[in-house]
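The sequence lines fix the lettering, A, B, ..., with proteins before strands; numbering per chain opens at 1.
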Protein chains: 2
Amino acid sequence: MRDPLSRTFAALADPTRRAMLARLAKGEANVSDLAEPFLKDMSLPAVTKHLKVLEGAGLITKGRKAQWRPCQLNGEPLREAVDWMEQHRIAWEAQLDRHGVYLKSKNRGIRHGRKK
Amino acid sequence: MRDPLSRTFAALADPTRRAMLARLAKGEANVSDLAEPFLKDMSLPAVTKHLKVLEGAGLITKGRKAQWRPCQLNGEPLREAVDWMEQHRIAWEAQLDRHGVYLKSKNRGIRHGRKK
DNA sequence: TCCATAATACACCAACTAGTTAATTAACAA
DNA sequence: TTGTTAATTAACTAGTTGGTGTATTATGGA
């Protein structure tokens, strides 16, 4: 099947799932809490499916408390994904440097590159 | 149609494409250079398709030099993706702190749940 | 002109994704 | 027991993804 990093990125490639993670970053929440902002756009089973994807990527863990399923964010895969990106973004910037290219960032003090 | 961030994450959710980006982080490369490590696993048109996905996400730009298409990495979408993840990973760690939960890192000396 | 090389376009296919509705399970509460 | 709430499962569907093989385009060189 798919490697963990691919699973993480695939899980993040959906605005609904990202919003759910953003919600969970603020604290534990039940399925219905997480579903609430989306129920005008989709059904509850659709929400369950999204949560399954997040769970499959290890980004959340689901507990049980009576009939509720309290969900928690698990940041570990997120960190690994950041690591991958940082690693190559840095290599990319270094490569630009070797070509003597320096640009000012649009938004902040970060170096951006374009070819001469 | 998909939002830019989702496109970026979707583009990253494939090991072939990530390897191509890793290669491009070391410097410009033609399509056939990028294809070379994968030609035992897939056809050239498949490579072209992967590059189209990367291009569609704005992660690479393709130039023209005679019959070659020199590809370059564009780090901007990568940075935006990192920003999104860092933001929520940090919020998640802060939330753990508020609940007084501290975890030891499994693999390295990374701080978990440390508040400023 | 003719040929080789680099890359893309096209038509097709199997597997996966993201959604639906309807039915079902599980826990609690009256 | 009966009913309510929380959530999942099942069966189905449209659209997307990732691959294939073949054909085509574009450039440079003999």
Between atom [atom1] in [X] and atom [atom2] in [N], what is the gap in whole Å?
X     : N      : atom1 : atom2 : result
A/F9  : D/dT17 : CZ    : P     : 17 Å
A/K49 : C/dC16 : NZ    : C1'   : 11 Å
B/D14 : D/dT16 : CG    : C1'   : 14 Å
B/L39 : C/dA6  : CG    : C1'   : 12 Å
B/K52 : D/dG19 : NZ    : C1'   : 16 Å
B/M42 : C/dT8  : CE    : P     : 15 Å
B/R2  : D/dG15 : CZ    : P     : 16 Å
A/H50 : C/dC16 : NE2   : P     : 18 Å

From B/K65 atom NZ to B/N30 atom CG, the distance as rounded to the nearest 0.5 Å | 8.0 Å
Not counting sequence neighbours, which residues clear side-chain contact (heavy atoms from CB on, under 4.5 Å) with B/A10? List them please.
-> A/A13, B/R2
Is any side-chain N of the basic residue among A/D3 and B/R18 closer than 4.0 Å to the acidic one's carboxylate O?
-> yes
Touch class at under 4.0 angstrom, heavy-atom based, for B/D41 against every strand present = sugar-phosphate
Under 4.0 Å between any heavy atoms, over every strand shown, what does B/S32 touch: base, sugar-phosphate, or nothing? Just pick one.
-> sugar-phosphate
Sugar-phosphate atoms are those with a prime plus P, OP1 and OP2; base atoms are the rest. Using that split, label each nucleotide of nucleotides 21-30 of chain C B, S or - for protein heavy atoms under 4.0 Å, 5' to 3'.
-> BB----BS--
If you look only at pairs with a residue in residues 35-49 of chain B, which of them pass as a side-chain hydrogen bond (donor to acceptor under 3.5 Å, both in side chains), with sequence neighbours excluded?
-> none
Are A/W84 and A/H88 near enough that their ring centres are under 6.0 Å apart?
-> yes
So do A/P37 and A/M20 actually touch side chain to side chain, heavy atoms under 4.5 Å?
-> no
